[in-house]
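This report concerns only the one structure given below.
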Amino acid sequence: MARYLYMEEVPFKPQAFERAAESLESSKEDVKEIYKKGGLKALMEIPGVGKSIARHIEEYIKKGKIKDYENFKKRMPLKMDEMVRVEGLGPKKIKVLYKELGVHDLKTLEKAAKAGKVAPLFGFGETTEKNILQGLEFLKRDKGRFLISEILPIAREVKEKMEKFKGVDKVDIAGSLRRGKETIGDLDFLVIAEDSKRIMDFFVSLPGVEKVWGKGGTKASVRMRYGFDMDLRVIPNKSYGAALQYFTGSKEHNIITRKIAIEKGLKLSEYGLFHGSKMVASHTEEDIYKKLGMACPPPEIRENAGEVEAALKNELPKLIDLKYIKGDLHVHSNWQDTDGGKDSVEALAKYAISLGYEYIGISDHTKTLKIERSLNEKELLEQVEYIKKLNKSFQISNATFGSPSGSRKFQILAGCEANILKDGSIDIDDKVLEELDYVIAGVHSFLKMEKAEMMARIKKAMQNPNVDILAHPTGRVVGQRDEYAVDIDEILKIAKDTGTILEINSSSRLDLRDIYIRKAKNHGVKMIINTDAHKKEQMNLMEYGILQARRGWAEKGDIINTLPIEELLRHF
DNA sequence: GCCGTTTTCGGCCCGACTGTTTTCAGTCG
């Protein structure tokens, strides 16, 4: 609706529809549910939704379509959604393309541009035509959002390169990456530099840059070969905090903070916090939040999900941090796969020590998992004995691995990642499970069960007294697989009743997801952040589990692998 | 079309950048 209204040059309505749309997209509750519970009135409680838009929503819920929208489409039958995705094309240009050339989708757009029909149009030109064709090519290769673990290393590399560049004082990553979101659309860099033109030239000629969308005096934007965009902003030193706050977002968080500024008779922009024309804060984020009468919320929770209220009352959570993690309990060894790239228990333990850990848990797959070779009862018992022996040698040689004092000893725990079978039983005999230091159980088969059946299955597994941890509780894989049919509230309740610890899996699963972590915390359910490493380097994925946990407001006390070994074992 | 602890009328975020109509409209974030 907003885009069609832009086309018709209706004043102010497009922004109103956009605002309502954003509000609906970010709504934590299903809109249909809201309507079911409270009707039109409840819909009008949604920010940006008034009488008219509420009626539109009602119409859509009842009839599956909206008459006004259908009328727009009749007048201008074109695939708006796909066309606006072409960089540089907005509603106004699309309207001209349709009226003059009958262009109505990407195919007809490409045909017209290739035939040279776009350039002569009023308001277009050779460059615009070329940009459209290039935009279409990029769109074909577009992979959507990237998993944070794919993109953070690239971002750090770019940051380092710019930091080394002559005349650069400071570089920071802002945007959704700074907030630790599980997927990232593009990268935002902020820079303080003596000579903005030079750093900008350097930025647009970085290796991997495929196209320069734009380059001016203070900002530049490029498309990378990998398929994402990077934006650079050069910021004056005195505005740095304001800029960092502004470009970190989220948008919803910024709207709220700006409103608080207005209530105090101030104005907040990317250049600073102003009283009239007088700048009252701008140098650091902390200064700005302080002048707004609030504590500075960690970037990971800036989503307008209660953090502003908490910050105003100075009741922000003290979020979990990598430095509190004392060990990783979901690690696979070469016992389950001798010819793969996996590492030995010794190599894994040494690596864990190098990360500053005090313990590691070996949790190889068990027998019924056919995708990877896995351990049966006999082999598990052998591994327990092996680890016992190894622990003795590690106690002796611990000092050689850089332990700061002789008093701390490193410990390897013997665990497993057992399978929860279709009926909820565990694929390893309970007598053997009892011999292990701890047991992780997870669903790895029959992922498409009905909810009731799946919940009964998981419940039975969690009730097994030998099961300590529920691995990747909802089964989703970011960008690849949805969660299986589970009821998270029920899982939390069972976890509370049985004392089962829920895993925050740091691999591409990122499961539990952030909102579930927050729910778990509020229910008093304990969690553990594991990497699910299949070789030692993957133990570095811990960082992503931490970010996820922080986004879920988790504190040190919510995460059990912050505990010293004795307390951890007592927990099990 | 939405919104209001200064307002139920009269505002609506705005700066940066590009290309083209060469002084500003369209797009983006």
Side-chain angles (χ1 to χ4, degrees), chain A residues 1-24 43-57 66 68-69 83-97 118-132 134-135 174-176 185-190 196-197 200 204 211-223 228-236 239 242-243 245-252 254-272 274:
Chain A
M1 287 291 286
R3 287 169 189 150
Y4 278 111
L5 290 162
Y6 272 120
M7 274 188 163
E8 313 246 307
E9 307 199 37
V10 179
F12 301 111
K13 283 195 198 182
Q15 291 90 333
F17 274 90
E18 268 176 353
R19 202 181 150 217
E22 276 161 18
S23 207
L24 294 185
L43 290 177
M44 285 170 70
E45 301 278 303
I46 300 169
V49 176
K51 209 178 201 174
S52 169
I53 290 181
R55 285 216 186 98
H56 281 113
I57 297 171
I66 295 168
D68 286 355
Y69 181 65
M83 289 181 73
V84 290
R85 291 182 62 213
V86 178
E87 185 79 22
L89 274 194
K92 302 269 177 72
K93 279 205 164 72
I94 289 172
K95 184 181 179 183
V96 175
L97 287 166
V118 171
L121 293 177
F122 189 80
F124 288 71
E126 293 291 339
T127 313
T128 310
E129 185 173 273
K130 220 176 84 212
N131 281 340
I132 288 174
Q134 204 163 19
S176 57
D186 58 16
L187 296 182
D188 297 291
F189 294 97
L190 295 187
S196 78
K197 197 184 165 303
M200 209 96 75
V204 301
K211 154 99 184 163
V212 179
W213 295 119
K215 181 164 73 86
T218 63
K219 66 190 252 188
S221 182
V222 296
R223 163 60 57 99
F228 59 84
D229 289 348
M230 305 201 303
D231 294 330
L232 177 73
R233 284 279 190 149
V234 181
I235 302 296
S239 292
Q245 197 278 333
Y246 181 82
F247 289 109
T248 295
S250 64
K251 199 171 173 182
E252 291 71 26
N254 285 353
I255 288 171
I256 288 270
T257 47
R258 285 199 298 257
K259 271 189 185 149
I260 291 172
I262 291 167
E263 278 167 21
K264 292 185 178 294
L266 303 168
K267 177 177 163 272
L268 180 60
S269 77
E270 67 241 61
Y271 294 104
F274 295 89

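Numbers restart at 1 for each chain; the letters A, B, ... are given by sequence-line order, proteins then strands. Keep in mind the model is a prediction, meaning the values are calculated, not measured.
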* To do: Step through the shown structure and confirm whether more than 12 heavy atoms of other residues, nucleotides or ligands are within 6.0 Å of CD on Glu126(A).
  => no

Remember a base hit wins even if backbone is also touched, and classify [X] as base, sugar-phosphate or nothing at under 4.0 Å, heavy atoms.
X: Pro14(A); answer: nothing
X: Lys51(A); answer: sugar-phosphate
X: Leu89(A); answer: sugar-phosphate
X: Lys93(A); answer: sugar-phosphate
X: Glu126(A); answer: sugar-phosphate
X: Phe247(A); answer: nothing
X: Tyr6(A); answer: nothing
X: Val49(A); answer: sugar-phosphate

Determine the interatomic distance between [atom1] on [N] and the same-named atom on [M]; round to the nearest Å.
N: dT7(B); M: dC12(B); atom1: C1'; answer: 14 Å
N: dG29(B); M: dC13(B); atom1: C1'; answer: 12 Å
N: dC14(B); M: dC9(B); atom1: C1'; answer: 24 Å
N: dA16(B); M: dG10(B); atom1: C1'; answer: 29 Å
N: dG15(B); M: dT8(B); atom1: C1'; answer: 32 Å
N: dG11(B); M: dT21(B); atom1: C1'; answer: 31 Å
N: dT20(B); M: dC28(B); atom1: P; answer: 15 Å
N: dG1(B); M: dT5(B); atom1: C1'; answer: 24 Å

When you get a sec, tell me which of [options] is the closest nucleotide to the side chain of [X]?
X: Thr127(A); options: dG1(B), dT20(B), dG29(B); answer: dT20(B)
X: Ile53(A); options: dG19(B), dG29(B), dC2(B); answer: dC2(B)
X: Lys13(A); options: dC28(B), dG15(B), dG1(B); answer: dG1(B)
X: Ala16(A); options: dG1(B), dG29(B), dT27(B); answer: dG1(B)
X: Pro91(A); options: dA16(B), dT27(B), dC2(B); answer: dT27(B)
X: Asp231(A); options: dG29(B), dT18(B), dC3(B); answer: dG29(B)

* Complementary nucleotide of dT8(B), counting Watson-Crick and G-U pairs under 3.5 Å -> none

* Short side-chain N/O contact to dC17(B) OP1/OP2 from Ser221(A), under 4.0 Å -> no

* Lys219(A) vs dC17(B): side-chain N/O to OP1/OP2 distance below 4.0 Å -> no

* Asked: Is Glu22(A) salt-bridged to Lys251(A), going by a charged N under 4.0 Å from an acidic O?
  -> yes

Could you tell me the separation between the [atom1] atom of [X] and the [atom2] atom of [N], rounded to a whole number of Å?
X: Arg3(A); N: dG1(B); atom1: CZ; atom2: P; answer: 19 Å
X: Gln245(A); N: dG29(B); atom1: CD; atom2: C1'; answer: 15 Å
X: Met83(A); N: dT27(B); atom1: CE; atom2: C1'; answer: 15 Å

* Asked: Of Lys259(A) and Gly123(A), whose nearest nucleotide on DNA chain B comes first from the 5' end?
  -> Lys259(A)

* Structure fact -> The residue, Arg258(A) or Gly88(A), whose nearest nucleotide of DNA chain B is more 5′ is Arg258(A)

* Asked: With a 4.5 Å limit on heavy-atom distance, are the side chains of Glu8(A) and Lys95(A) in contact?
  -> no

* Asked: Are the side chains of Phe124(A) and Glu129(A) in touch, meaning some heavy atoms are under 4.5 Å apart?
  -> no

* Going by 5.5 Å between centroids and 30° between planes, is there a stack of Phe12(A) over dC2(B)? -> no

